Amino acid sequence: SVDYVAYGDDEKNATVMYTFTASGHPAYPAAVCRRIVKEGDNLVVKMMVVCDGATEPCDKLRNDFNVMTAKMQVEVNQKIAADKK
C-alpha cells in the first residue's frame with residue numbers, strides 16, 4: 001500500500017516538496033511542505049505540517065519528517081560545501 005504521495009517543483013533539483021498521506025495512513029489527512037530557502041549565505045530546509053488525523057499518528061508523522069528534514073539539511077550543507085571548493 002502507498003503511505004505517501006509526494007510532489008516536487010523540480011524532479012532533479014526540488015526546492016519545494018509537498019507530501020500527502022494516502023487515505024490508508026494513520027495520520028490521514030495530512031500534508032507536509034518542505035522548502036529550501038536562502039537565509040544569508042545559507043540554504044535552510046523549512047518544514048510545515050498540517051495534520052487533521054489522530055494526535056498520536058500526527059505526532060509520529062511530525063517526528064518522522066523532522067528526521068527526514070534533518071537528513072535533507074545535512075545533504076544541502078554538504079552540497080554547498082562541495083560547490084564552494
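Computed from a predicted structure; not experimentally measured.
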Point to revise | Backbone of Thr15 reached by a side-chain donor or acceptor of Asp9 within 3.5 Å | key: yes
Exercise for review: Check for a donor-acceptor pair, side chain of Asn42 on one end and backbone N or O of Val44 on the other, with a separation under 3.5 Å.
Suggested key: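 Here the side-chain-to-backbone pair does not exist.
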Review point. Do the side chains of Val5 and Tyr18 join up, straight or via other hydrophobic residues, at under 4.5 Å, putting them in one cluster?
Key: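 As far as the 4.5 Å side-chain criterion goes, Tyr18 and Val5 are connected within one cluster.
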Looking at every heavy atom in both [X] and [Y], which two are closest together, and how far apart are they?
| X | Y | answer |
| --- | --- | --- |
| Ala22 | Tyr28 | O-CD1, 3.3 Å |
| Cys33 | Val16 | SG-CG1, 4.2 Å |
| Val45 | Gln73 | N-OE1, 2.8 Å |
| Ile36 | Ala14 | CD1-O, 3.8 Å |
| Leu43 | Val76 | CB-CG1, 3.6 Å |
| Cys58 | Ala27 | N-CB, 4.1 Å |

Practice item. Could you tell me whether Arg35 atom CZ has more than 12 heavy atoms of other residues or ligands within 6.0 Å of it? Key: no
Check your understanding: More than 12 foreign heavy atoms under 6.0 Å from CG of Asp83: is that the case here?
Key -> yes
Exercise for review: Check the pair Tyr4 / Phe65 against ring-ring contact (aromatic ring centres under 6.0 Å, His included), numbers first and verdict last.
Suggested key: CA-CA 12 Å; Tyr4 302 105; Phe65 272 88; 5.6 Å; yes
In Å, rounded to the nearest 0.5 Å, how long is the span from [atom1] of [X] to [atom2] of [Y]?
| X | Y | atom1 | atom2 | answer |
| --- | --- | --- | --- | --- |
| Lys71 | Glu75 | NZ | CD | 9.0 Å |
| Lys46 | Arg34 | NZ | CZ | 15.0 Å |
| Met17 | Thr69 | CE | OG1 | 8.5 Å |
| Asp3 | Thr19 | CG | OG1 | 11.5 Å |

Point to revise | Evaluation steps, side chain to side chain contact (heavy atoms under 4.5 Å, CB included), between Asn66 and Met47 | key: CA-CA 8 Å; Asn66 276 331; Met47 181 179 85; 3.0 Å; yes
Exercise for review: I would like to know whether Leu61 and Thr21 meet side chain to side chain contact (heavy atoms under 4.5 Å, CB included); could you show each step before the answer?
Suggested key: CA-CA 9 Å; Leu61 180 81; Thr21 52; 4.0 Å; yes
